[in-house]
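Down below is the structure, laid out as structure tokens.
In what follows, every heavy atom counts, from backbone to side chain, and hydrogens, waters and symmetry copies are set aside. What you see is a predicted model; the values in this text were computed from it and never measured.
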Amino acid sequence: MRLLPEPGPARTLALSTLVNTVGRGTWLTASALFLTRSVGLSVAQVGLGLTITALVSLVASTPMGYLADRLGPRGIQLTALLASGVLTAALVAVRSFPTFLVVGVLMAVADAASRGARGALIAGAVPADQRVRTRAYLRAVTNVGISVGAVVAGVGLAADTRAAYVALILLDCVTYLGAAAILLRLASVPPVPAPAHGPRLIALRDRPFLAFTVLDGLMSMHFGLLNIALPLWIADHTAAPHWLISACMLVNTVIVVLFQVRASRGTEELAGAGRAARRAGAVIAVACVLFAASGGVSTPAAVTLLLAGSFVHVIGELWHAAAGWGISFGLAPAHAQGQYQGAYGMGMQLGGMVAPVVVTSLAIGWGVPGWLLLGGLFLLLGALVPPVVRWAERSRPAEAATAPVPVG
């Protein structure tokens, strides 16, 4: 139930993450209004720019992870944080779409480097049996940090002035520098030499791992249920009051902060992680059924069904996250944790890119049948993970797999 882990490398990583995500929450909340109201970009330009930067980040993820393996993850993480701080400050000078695109692309590369290095840093600084638990702590503090940042950003948004937006951007810049300063307390993780023979980017040649990455990425579309589909569904298709949108978000945030660490138990081994992924798909499917049932009923019934669906959904979210960490760490060779964590992150980015179209087309466009189809999709995706993990285990040397126990 504690927010921070015991003193040591995991706590240092958690504190650095907490500081950094306060700034991230500030930027995520204020970015759209800053770019449109202060910089003067159109909504279409902002959307195009964010799509391009997301693609750049996706493509750069695995190479940046490889770089973290070869040069040492701590140094790459520090460099990425410092570069992100400088580039965030450069947003103040953005006055046109081309300059926004240049800064955004560079920030995407820095973000890809940070993600790949973070996974390798956890793998190198934390004992193998504590890696998933550490990722769970980091996710909990990330939710706290983003929530605090969103509240801080609300002050700037209320002012709605150029000076207020600049202040929020500079705050984000400071949090990058603060996160880097805290990370200096962490002992350096030595680089891992590349194998003398064979290809370098082996993660992109590992077909079973890539299959898992695609399944996990598609499963991550469930985040779009809460952030995109559910608000539209509540507002336009149910008798529930609009404030329930915030209540559902609050249920999600609080439960993730309080129970992500506990939900990660048993996913340190591939067998347990595979079962957690299967359970995640099943309970997210149940959540879709509850959301579907909330349309066309009385207000009390709709409120009850939506809150119940939000609770069930976040349980699946906890299991899905923990399963992904256990599998991505467990299938990665010791000399390639960075690039494998980068490749694993590509799946999440893929899910984030396709989720808006898929969840709105099905849940909002088709209504109840669309919700049920989404539920069936998540059920299928979760069920496919264990056999794919078994395939991955059989395809690699025994020392590459952390847990040789068959997936049930």
Side-chain angles (χ1 to χ4, degrees), residues 55 57-71 73 76 112-113 115-124 128 131-132 135 191-220 267-278 280-281 320-354 381-407:
L55 286 171
S57 183
L58 188 151
V59 172
S61 290
T62 304
M64 290 296 105
Y66 174 84
L67 198 63
D69 289 326
R70 301 290 80 83
L71 301 181
I76 295 297
R115 283 197 314 275
R118 186 185 304 118
L121 193 56
I122 295 169
R131 291 170 182 169
V132 174
R135 289 296 293 258
V192 182
H197 305 286
R200 293 294 183 256
L201 294 180
I202 58 173
L204 298 182
R205 296 170 176 260
D206 190 338
R207 288 181 293 175
F209 185 82
L210 290 179
F212 157 70
T213 296
V214 171
L215 289 176
D216 187 79
L218 293 176
M219 178 81 85
S220 72
T267 60
E268 298 86 356
E269 296 186 352
L270 291 173
R275 288 192 294 268
R278 186 168 55 202
H320 168 241
W325 301 327
I327 294 168
S328 63
F329 279 129
L331 293 179
H335 69 274
Q337 281 286 352
Q339 64 168 291
Y340 268 73
Q341 294 305 310
Y344 166 63
M346 291 172 61
M348 298 290 288
Q349 292 172 292
L350 173 65
M353 290 172 61
V354 302
L381 290 170
L384 288 175
V385 171
V388 167
V389 173
R390 286 198 296 268
W391 173 31
E393 281 192 282
R394 292 193 301 267
S395 69
R396 65 203 57 237
E399 65 271 13
T402 312
V405 182
V407 179

Drop me the distance from Y66's OH to H335's NE2, to the nearest 0.5 angstrom.
-> 9.0 Å
Do V385 and I327 come close enough that some side-chain heavy atom pair is under 4.5 Å?
-> yes
Rounded to the nearest 0.5 Å, the OH atom of Y344 sits from the CG atom of L331 at a distance of 11.5 Å
Does the side chain of F212 reach to within under 4.5 Å of the side chain of W391, using non-hydrogen atoms?
-> no
Taking atom types as modelled, is there a side-chain donor on S395 or R207 under 3.5 Å from an acceptor on the other?
-> no
Side-chain (D69) to main-chain (Q339) donor-acceptor, under 3.5 angstrom | yes
Is there side-chain contact between M348 and R115, with at least one heavy-atom pair below 4.5 Å?
-> no
Considering only heavy atoms from C-beta outward, does the side chain of I76 approach that of M64 to under 4.5 Å?
-> no
Rounded to the nearest 0.5 Å, what's the gap from CG on L381 to CG on L218? Could you check?
-> 5.5 Å
What are the two closest heavy atoms between A68 and A117, and how far apart are they?
-> CB-CA, 3.8 Å
Side-chain contact test, heavy atoms from C-beta onward, threshold under 4.5 Å: evaluate it for W325 versus T267 and give yes or no.
-> no
Which atom of A343 lies closest to which atom of F209, heavy atoms considered = CB-CE2, 4.0 Å
So, for A277 and A323, which heavy atoms are closest and what is the spacing to 0.1 Å?
-> N-CB, 3.6 Å
Where do S61 and G342 come nearest, in terms of heavy atoms and distance?
-> CB-O, 3.2 Å
Could you check if a side-chain atom of V214 sits within less than 4.5 angstrom of a side-chain atom of L210, using non-hydrogen atoms only?
-> no
Taking atom CG of L350 and atom CG of L55, what is their separation to the nearest 0.5 Å?
-> 10.0 Å
Any Q341 side-chain heavy atom under 4.5 Å of I122 side chain = no
Smallest separation among heavy atoms of S220 and G347, with atom names = OG-O, 4.1 Å
Compare every heavy atom of P208 with every heavy atom of D206, then report the nearest pair and how far apart it is.
-> OD1-CD, 3.1 Å
Rounded to the nearest 0.5 angstrom, the CG-CZ distance for L270 and F329 is 12.5 Å
Can you tell me how far CE of M353 sits from CE of M346, rounded to the nearest 0.5 angstrom?
-> 10.5 Å
Are the side chains of Y340 and P333 in touch, meaning some heavy atoms are under 4.5 Å apart?
-> yes
Main-chain N/O of G124 paired to Q337 side chain as donor or acceptor, under 3.5 Å | no
